[in-house]
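So that the names make sense, note that chain A is the first sequence line, chain B the second, and so on, each numbered from 1. These values consider heavy atoms only, across backbone and side chains, with no hydrogens, waters or symmetry-generated copies. None of these values were measured; they are calculated from a predicted model.
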There are 2 protein chains.
Amino acid sequence: MKLSKKSDYALRAMIYLSMQHKKGAIQIKEISTSERIPQKFLENILLALRKVGILNSKIGLKGGYELARSPDLITLGEVIRALDGAIAPVDCVSKTSYRPCSEEVTCVIRGVMMEIRNAITDVLDRVTFADMCSRVKDSVEKKEGGVLTYTI
Amino acid sequence: MKLSKKSDYALRAMIYLSMQHKKGAIQIKEISTSERIPQKFLENILLALRKVGILNSKIGLKGGYELARSPDLITLGEVIRALDGAIAPVDCVSKTSYRPCSEEVTCVIRGVMMEIRNAITDVLDRVTFADMCSRVKDSVEKKEGGVLTYTI
DNA sequence: TAATTATCTACTAATTTTATAGAATTTATA
DNA sequence: TATAAATTCTATAAAATTAGTAGATAATTA
């Protein structure tokens with residue numbers, strides 16, 4: 001029941017990009033140093049997000065990545081699915097990678113896992129990166145002294 | 001976000017034992033063949049459940065395993081934690097294996113993961129093996145022809 | 001005493017996760 | 001048009017976790 005490093009990095013990178021939305025392309029290197037994510041690993045992650053249409057990229061000098069859509073139209077669930085595949089705890093209750101379990105007809109574990117999957121996706125498919133930005137801002141404002149930096 | 005084979009096997013074995021509650025010790029071999037679980041693997045699993053006080057065992061002829069408590073006093077969460085450790089998607093929101101995340105003060109991912117952890121444990125710490133037994137029985141009754149066997 | 005059953009210690013195999021290497025391609029701009 | 005800077009692509013490697021196995025030991029019953 002663990003979030004992979006890959007998805008964790010992806011969420012952080014996505015929050016970073018959402019905070020800079022509409023400010024042009026951001027380079028991998030900038031994200032990787034700011035968020036302390038191994039650069040080569042982050043390359044793979046951002047590439048995957050581009051391939052599913054969450055990010056746009058520009059090659060060459062002054063190139064980089066930016067959101068393909070407004071942050072309020074991208075959910076955490078979409079990002080996690082792009083990297084880790086199905087969110088469901090067992091495949092027999094997955095929408096995106098359904099496979100029947102061995103004894104589906106009377107599988108009672110299935111019922112419980114379905115409840116859990118729904119509970120998880122209720123959160124992940126509802127929360128957008130616009131929400132995450134608000135939370136970051138709230139979190140920054142609450143800090144005494146009002147330092148201008150924030151960390152994801 | 002995947003349930004391990006180990007936990008899946010454990011749940012199936014526990015449901016099997018719950019269905020036979022108060023009928024004396026059940027041998028590993030019987031569970032392993034009925035539920036199609038590799039016997040040696042199941043040994044490890046049942047041993048782990050005994051060590052945390054969920055099962056009792058008897059060695060020797062006519063020995064075997066049985067529940068240490070009534071099925072309505074054992075939750076799915078307790079079993080999964082015994083085998084896979086923490087249920088929380090990231091350690092910084094785990095009750096049982098808490099570790100601060102790198103930038104906890106303003107970690108907004110933490111907030112979402114906390115919601116998810118709560119959603120998952122709401123289910124897993126509420127549903128007991130007595131509930132699972134009822135579901136199995138319901139599922140059997142609904143089957144046309146009323147075959148007397150059930151499969152988990 | 002013999003058969004049966006859990007227990008224990010220690011592996012091994014397979015899979016998944018977490019990266020890394022290096023060449024190829026594209027682009028801005030001096 | 002050369003150069004530097006950036007993504008892209010293909011491939012591999014290292015590490016960690018998960019899944020499963022082997023075989024000897026101890027306890028119990030009949």
Side-chain angles (χ1 to χ4, degrees), chain A residues 1-13 17 24-33 35-68 80-86 89-91 97 102, chain B residues 1-13 17 24-33 35-68 80-86 89-91 97 102:
Chain A
M1 300 280 189
K2 217 165 177 55
L3 189 72
S4 70
K5 225 66 160 134
K6 215 168 172 175
S7 281
D8 181 55
Y9 291 159
L11 294 180
R12 289 169 189 274
L17 288 170
I26 311 279
Q27 286 90 44
I28 294 178
K29 185 183 279 183
E30 179 184 335
I31 306 173
S32 115
T33 53
E35 294 298 327
R36 297 183 199 79
I37 302 170
Q39 176 166 344
K40 275 292 187 179
F41 198 27
L42 186 56
E43 280 181 33
N44 298 332
I45 293 169
L46 298 184
L47 205 51
L49 292 175
R50 200 217 58 179
K51 286 184 175 164
V52 297
I54 292 175
L55 295 179
N56 283 334
S57 65
K58 266 170 61 186
I59 295 183
L61 196 58
K62 306 237 172 169
Y65 282 96
E66 57 191 347
L67 301 188
I80 292 176
R81 283 198 188 87
L83 295 163
D84 284 356
V90 295
D91 286 341
S97 56
S102 46
Chain B
M1 299 277 191
K2 220 168 176 52
L3 189 72
S4 70
K5 251 347 186 187
K6 215 167 171 178
S7 281
D8 181 55
Y9 290 159
L11 295 181
R12 288 170 189 275
L17 288 170
I26 312 279
Q27 286 91 42
I28 293 178
K29 185 182 279 183
E30 180 183 333
I31 305 174
S32 118
T33 54
E35 294 298 326
R36 296 182 201 79
I37 302 171
Q39 176 166 343
K40 274 291 188 179
F41 198 27
L42 185 57
E43 280 181 32
N44 298 332
I45 293 168
L46 298 184
L47 205 50
L49 292 175
R50 199 216 59 179
K51 285 183 175 165
V52 298
I54 292 175
L55 296 179
N56 283 334
S57 64
K58 266 170 62 184
I59 296 184
L61 196 59
K62 307 237 171 168
Y65 282 97
E66 57 191 346
L67 301 187
I80 292 176
R81 284 197 187 89
L83 295 163
D84 284 356
V90 293
D91 286 342
S97 55
S102 46

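- The salt bridge (charged side-chain N to carboxylate O under 4.0 Å, His left out) contacts involving residues 38-49 of chain A comprise A:K40-A:E43, where partners must be two or more places apart or lie in separate chains.
- One atom, CG of A:D91, and another, P of C:dT16, lie 11 Å apart when rounded to the nearest Å.
- The interatomic distance linking A:L83 (CG) with C:dT16 (P) rounds to 17 Å, in whole Å.
- Ranked by how close their nearest DNA chain C nucleotide is to the 5' end, B:K62 and A:F41 are led by B:K62.
- The outermost nucleotides of DNA chain D lying under 4.0 Å from heavy atoms of chain A, listed 5' to 3', are D:dA5 to D:dC9.
- Every residue two or more places apart in sequence or in another chain that forms a side chain to side chain donor-acceptor pair (under 3.5 Å) with A:S97 is listed here: A:S94.
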>> Evaluate B:Y65 against B:L47 for side chain to side chain contact (heavy atoms under 4.5 Å, CB included), listing each step before the verdict.
In response: CA-CA 9 Å; B:Y65 282 97; B:L47 205 50; 3.7 Å; yes

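- Residues satisfying the side chain to side chain donor-acceptor pair (under 3.5 Å) test with B:S32, not counting sequence neighbours, are none.
- Partners of B:K5 under the salt bridge (Lys or Arg N to Asp or Glu O under 4.0 Å) rule, at least two apart in sequence or in another chain, do not exist in this structure.
- Counting only residues at least two apart or in different chains, ring pair (Phe, Tyr, Trp, His ring centres under 6.0 Å) contacts with residues 43-63 of chain A are absent.
- Across the helix from C:dT1-D:dA30 to C:dA30-D:dT1, the helix axis at one end is tilted relative to the axis at the other end by 10° (nearest 10 degrees, each axis from five pairs).
- Rounded to an integer number of Å, the gap from CG of A:D84 to C1' of C:dT17 is 10 Å.
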Would you tabulate the nitrogen or oxygen pairs shorter than 3.5 Å linking the protein to nucleotides 6-8 of chain C?
unit_1 : atom_1 : unit_2 : atom_2 : d
C:dA6  : OP1    : B:I28  : N      : 3.0
C:dT7  : OP1    : B:R50  : NH1    : 2.7
C:dT7  : OP1    : B:S57  : OG     : 2.6
C:dT7  : OP2    : B:Y65  : OH     : 2.1

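- Under the salt bridge (Lys or Arg N to Asp or Glu O under 4.0 Å) criterion, A:K6 pairs with no residue, sequence neighbours left out.
- Every residue was checked against the side chain to side chain donor-acceptor pair (under 3.5 Å) condition with A:N56, not counting sequence neighbours, and none meets it.
- Applying the salt bridge (Lys or Arg N to Asp or Glu O under 4.0 Å) rule to A:E30 yields no partners; only residues at least two apart in sequence or on another chain are considered.
- In this structure, A:E66 has no salt bridge (Lys or Arg N to Asp or Glu O under 4.0 Å) partners at least two apart in sequence or on a different chain.
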